[in-house]
Amino acid sequence: MDQPEGYIHIGTENLVCKLKSIYGLKQSARSWYQKINKILRTLGFSQAKIWVMRATHYLGILLEKDIDGNILLHQKLKILRILDKYGMSSSNGVSTPMEVGYSNIKENILLPSNEKYRKLIGELMYIANCTRPGISSAIGTLSRRVVKPNEYDWKALKRILGYLKSTLDLVLVFETSSSVELTGYTDADWEAEYVAAATAAQEAIWLDLLMSDFGFEIKKPIILNEDNQITAKTKHIDIKFHFIKDLISNNFLSLNYCPTEKMLADIFNQATS
């Protein structure tokens with residue numbers, strides 16, 4: 001950049017200042033990484049591709065093993081604390097996280113404050129992201145109401161607590177197996193189907209690289225289940241999403257039509273499932 005007025009050095013008027021990376025610039029993170037990486041290496045550290053640790057409890061998540069060696073993740077204790085905090089310990093459970101037709105119900109009585117609503121949204125969002133993806137869609141819908149939630153929004157949010165109570169024993173299972181197969185599920189509407197498939201393909205590439213770091217060879221092609229009947233009719237898709245065609249032609253990925261009743265991805269976009 002040009003030398004600022006009042007700070008021009010005599011004899012160097014034709015020179016410019018070198019703008020180093022600072023907070024807020026796009027290259028800041030890269031510059032910081034290069035700096036800390038150089039320092040750590042001079043101190044004798046080496047970069048590891050993965051971090052491996054053995055734990056039973058991590059940030060509210062309990063890790064267990066069953067008799068078959070499968071890894072079980074759950075947040076039962078955290079859920080129980082939340083139920084007690086919001087007076088739901090003795091309430092009746094419900095079978096679904098959200099009532100059918102929630103978006104069609106009109107309610108004008110606003111909550112006197114959105115503080116408690118925002119706090120519960122944050123607590124439930126953490127649970128959804130870690131071990132209970134089945135409430136993700138309901139949380140996503142209700143999180144749009146954090147600015148001016150009404151009485152019915154609060155009732156709908158507490159319904160999720162009722163659902164967690166009735167499904168307290170559900171756990172996230174990572175199965176052990178001698179064969180390593182990677183299977184994906186993606187679902188969206190119309191042209192978004194193609195974009196969603198391309199995004200899922202990116203995740204498949206990353207997971208394949210991650211598993212190779214562990215010493216596992218993923219069976220190819222990787223099966224991606226989706227409603228691929230839509231993709232053949234798509235138009236005006238950004239060229240960056242068409243790399244999925246190369247993955248298919250190189251036998252890295254294979255698209256498989258999956259009917260609605262078997263689409264596992266629906267738990268992320270259908271709150272009442």
Side-chain angles (χ1 to χ4, degrees), residues 25-34 37 47-53 59 61 71 73 125-141 143-144 172-177 179-260 262-271 273:
L25 299 182
K26 290 184 177 180
Q27 67 268 33
S28 298
R30 182 173 182 272
S31 296
W32 167 248
Y33 169 77
Q34 290 176 329
N37 182 60
Q47 185 175 5
K49 294 182 179 180
I50 55 174
W51 289 352
V52 180
M53 65 179 182
L59 296 178
I61 305 172
I71 305 296
L73 271 60
M125 190 173 292
Y126 180 68
I127 291 174
N129 290 338
C130 293
T131 61
R132 298 298 300 271
I135 65 172
S136 298
S137 182
I139 293 297
T141 299
S143 64
R144 304 170 192 164
L172 194 61
V173 181
F174 290 88
E175 296 182 347
T176 58
S177 175
S179 61
V180 183
E181 293 186 16
L182 187 60
T183 304
Y185 292 84
T186 177
D187 189 33
D189 294 327
W190 305 104
E191 290 189 6
E193 186 86 34
Y194 192 82
V195 176
T199 303
Q202 294 175 6
E203 293 296 319
I205 294 173
W206 182 84
L207 288 171
D208 181 56
L209 293 173
L210 178 65
M211 294 307 294
S212 67
D213 284 344
F214 281 105
F216 294 101
E217 183 68 27
I218 298 295
K219 181 181 178 182
K220 304 296 191 311
I222 296 172
I223 304 299
L224 181 59
N225 295 285
E226 60 135 4
D227 184 4
N228 56 20
Q229 293 178 331
I230 299 295
T231 63
K233 305 175 184 178
T234 56
K235 296 181 180 179
H236 312 299
I237 297 293
D238 196 311
I239 192 171
K240 68 180 181 180
F241 297 113
H242 290 303
F243 81 100
I244 192 173
K245 296 180 180 179
D246 292 331
L247 297 180
I248 295 173
S249 62
N250 293 330
N251 201 41
F252 178 87
L253 193 73
S254 176
L255 296 182
N256 178 56
Y257 173 72
C258 183
T260 301
K262 295 183 179 180
M263 177 52 69
L264 298 183
D266 278 349
I267 65 172
F268 296 106
N269 57 30
Q270 295 184 11
S273 60

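What you are looking at is a predicted structure, and each value in this text was computed from that prediction instead of being measured.
For the pair I222 and L207, the minimum side-chain heavy-atom distance is 4.5 Å or more. Side-chain contact between I139 and Y126 is absent, with no heavy-atom pair separated by less than 4.5 Å. A 4.5 Å side-chain heavy-atom check between E181 and I223 finds every atom pair outside the cut-off.
Here the straight-line distance linking atom CD1 of I205 with atom CG of L182 works out to 11.5 Å at 0.5 Å rounding. Note that the OG atom of S254 and the CG atom of L247 stand 11.5 Å from one another [nearest 0.5 Å]. Rounding to the nearest 0.5 angstrom, the gap separating the CD1 atom in I61 from the CD1 atom in I127 is 10.0 Å.
A donor-acceptor contact shorter than 3.5 Å is absent between the side chain of D208 and the backbone of A204. Using a distance-only test at 3.5 Å, with no hydrogens or angles considered, no donor-acceptor pair links the side chain of N37 to the main chain of Y33.
Taking each heavy atom of A128 and I135 in turn, the nearest pair found is CB-CG1, 3.6 Å. Smallest separation of non-hydrogen atoms from L224 and A200: CD1-CB, 3.8 Å. Heavy-atom minimum distance, C130 versus L172: O-CD2, 3.7 Å. The two residues E226 and L255 have their closest heavy-atom pair at OE2-CD1, 3.4 Å. In terms of heavy-atom proximity, T186 sits nearest to A197 at OG1-N, 3.9 Å.
Environment of NZ in K219: sparse, with no more than 12 heavy atoms of neighbouring residues, nucleotides or ligands closer than 6.0 Å.
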